[in-house]
Amino acid sequence: MPELPEVETACRGIRPHLVGQRVIRVTVRERRLRWPIPASLVSTLPGQIIRAVDRRAKYILLRADAGTAILHLGMSGSLRVVPCDTPPTKWDHVDIALASGQCLRLRDPRRFGALLWTPHDPAQHKLLQALGPEPFDDGFSDEYLYRVSRHRKVALRDFLLNSKNVAGVGNIYANEALFLAGLRPGRAAGRLKRDDCTRLVDAIRTTLTQAIRAGGTTLRDFQNADGLPGYFQQTLQVYGRAGQPCHRCGTPIRALRLGQRSAFYCPHCQH
DNA sequence: AGAGGTACCTGGCAGC
DNA sequence: TGCTGCCAGGTACCTC
């Protein structure tokens with residue numbers, strides 16, 4: 001479910017309900033996420049006022065005076081803001097109750113997500129410290145992309161999935177951006193020409209912008225903080241469309257296995 | 001240093 | 001209807 005646009009959508013959805021609110025209590029029903037939810041979060045967060053809700057890559061940062069909660073939705077996580085007395089399902093692992101009577105509810109069936117706490121600058125946290133530039137930052141430029149891709153044999157799709165190169169691009173949008181840039185997902189990153197980089201940076205930004213505007217992609221069950229689905233799936237060009245005609249030229253879309261994960265491309269439009 | 005594989009979990013779905 | 005096998009949007013960590 002959650003790639004950068006979904007996380008950004010979630011962030012925007014919860015922000016107005018959280019910022020300025022005092023945390024009343026933290027209820028953990030299942031602490032076994034990717035890493036156990038630390039006791040320090042449960043003991044420190046109550047009483048704190050949420051000062052800001054930020055995103056870095058696919059991490060959501062709930063900033064308070066004593067520290068920052070670092071939240072990751074993994075593959076199946078979602079956030080809702082609901083009245084505290086709403087009965088939880090078996091996947092609603094955490095509630096962060098607010099003075100408003102609402103609570104931020106984390107649901108994560110696969111438990112690949114994470115909820116951590118740091119009393120320090122979260123940018124220095126082990127999980128965030130090695131992240132590459134955000135796709136919308138000036139630092140993510142064609143010059144940058146050209147430089148860091150030199151001599152890399154890794155497939156372009158996998159190069160884009162690596163958060164050290166660019167933060168927050170997952171499998172769906174990597175494939176979609178490569179289609180838009182006219183580049184095959186299996187091509188070696190080191191073979192990018194200068195103008196390929198220009199088109200790719202542009203394509204990544206365009207793809208992500210459109211997806212954010214549509215409220216994310218709904219595959220299976222993604223919902224935003226208000227429980228509404230995303231609509232970007234309706235505009236997917238290649239992802240999950242193996243065998244179906246390319247929207248641009250009609251050639252059947254091909255699926256490719258790169259590592260353990262599928263990639264999709266149009267053999268006519270992408271080179 | 002870089003490339004490739006493994007592991008963490010569970011739900012949904014296609015096929016029989 | 002029920003079983004089996006496969007697939008999944010992420011990413012840290014291990015080995016070669």
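Naming convention: chains lettered A, B, ... in sequence-line order (proteins, then strands); numbering from 1 in each chain.
Checked against C:dA8, C:dG9, B:dA3, the side chain of A:Arg257 finds its nearest nucleotide in C:dA8.
If you check C:dC14 for Watson-Crick or wobble pairing at under 3.5 angstrom, you find it paired to B:dG4.
Separating the P atom of B:dC9 from that of C:dC3 is a span of 24 Å, rounded to the nearest Å. On the P atoms, C:dT11 is 23 Å away from B:dA1, given to the nearest whole Å.
For A:Asp108 and B:dG11, the CG to C1' distance is 12 Å, given to the nearest whole Å. Between the CD atom of A:Glu6 and the C1' atom of C:dA8 there is a distance of 14 Å, given to the nearest Å. Whole-Å rounding puts the A:Ile172 CD1 to C:dG9 P distance at 7 Å. In this structure, A:Leu127 atom CG and C:dG10 atom P are separated by 16 Å, rounded to whole Å. Rounded to a whole Å, the CZ atom of A:Phe159 is 17 Å from the C1' atom of B:dG4. Atom CG of A:Asp158 is separated from atom P of B:dG4 by 8 Å (rounded to the nearest Å). A:Tyr239 has its OH atom 12 Å from the P atom of C:dC7, to the nearest Å. Atoms CG (A:Asn175) and P (C:dG10) sit 11 Å apart, rounded to a whole Å.
Within the cation-pi definition used here (under 6.0 Å to the ring centroid, within 45° of the axis), A:Arg110 qualifies as a partner of A:Phe112. A cation-pi arrangement, defined by a distance under 6.0 Å to the six-membered ring centre and an angle within 45 degrees of its axis, is present between A:Arg194 and A:Tyr146.
Side-chain N/O atoms of A:Asp158 and A:Asn162 include no donor and acceptor closer than 3.5 Å. A donor atom on one side chain and an acceptor atom on the other are not found under 3.5 Å apart for A:Asp195 and A:Thr198. Looking at A:Ser100 and A:Gln102, their side chains never bring a donor and an acceptor atom within 3.5 Å of each other.
Rounding to the nearest 0.5 Å places CG of A:Leu115 at 5.0 Å from CG of A:Leu41. Here the straight-line distance linking atom NE2 of A:His247 with atom SG of A:Cys266 works out to 11.0 Å at 0.5 Å rounding.
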What pairs of nitrogen or oxygen atoms, one from the protein and one from nucleotides 5-9 of chain B, lie under 3.5 Å apart?
unit_1	atom_1	unit_2	atom_2	d
B:dC9	O3'	A:Arg111	NH2	3.0
B:dC9	O2	A:Arg110	NE	2.8
B:dC9	N3	A:Arg110	NH2	3.3

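For the OP1/OP2 pair of C:dG10 and a distance below 4.0 Å, the side-chain nitrogens and oxygens of A:Lys58 include at least one atom meeting the criterion. The shortest distance between the side-chain N/O atoms of A:Tyr173 and the OP1/OP2 oxygens of C:dG9 is not below 4.0 Å.
At the heavy-atom level, A:Arg152 lies under 4.0 Å from the strands shown only through sugar-phosphate atoms.
Annotation: of the two residues near DNA chain C, A:Ser262 and A:Lys164, the 5′-most nearest-nucleotide partner is A:Ser262.
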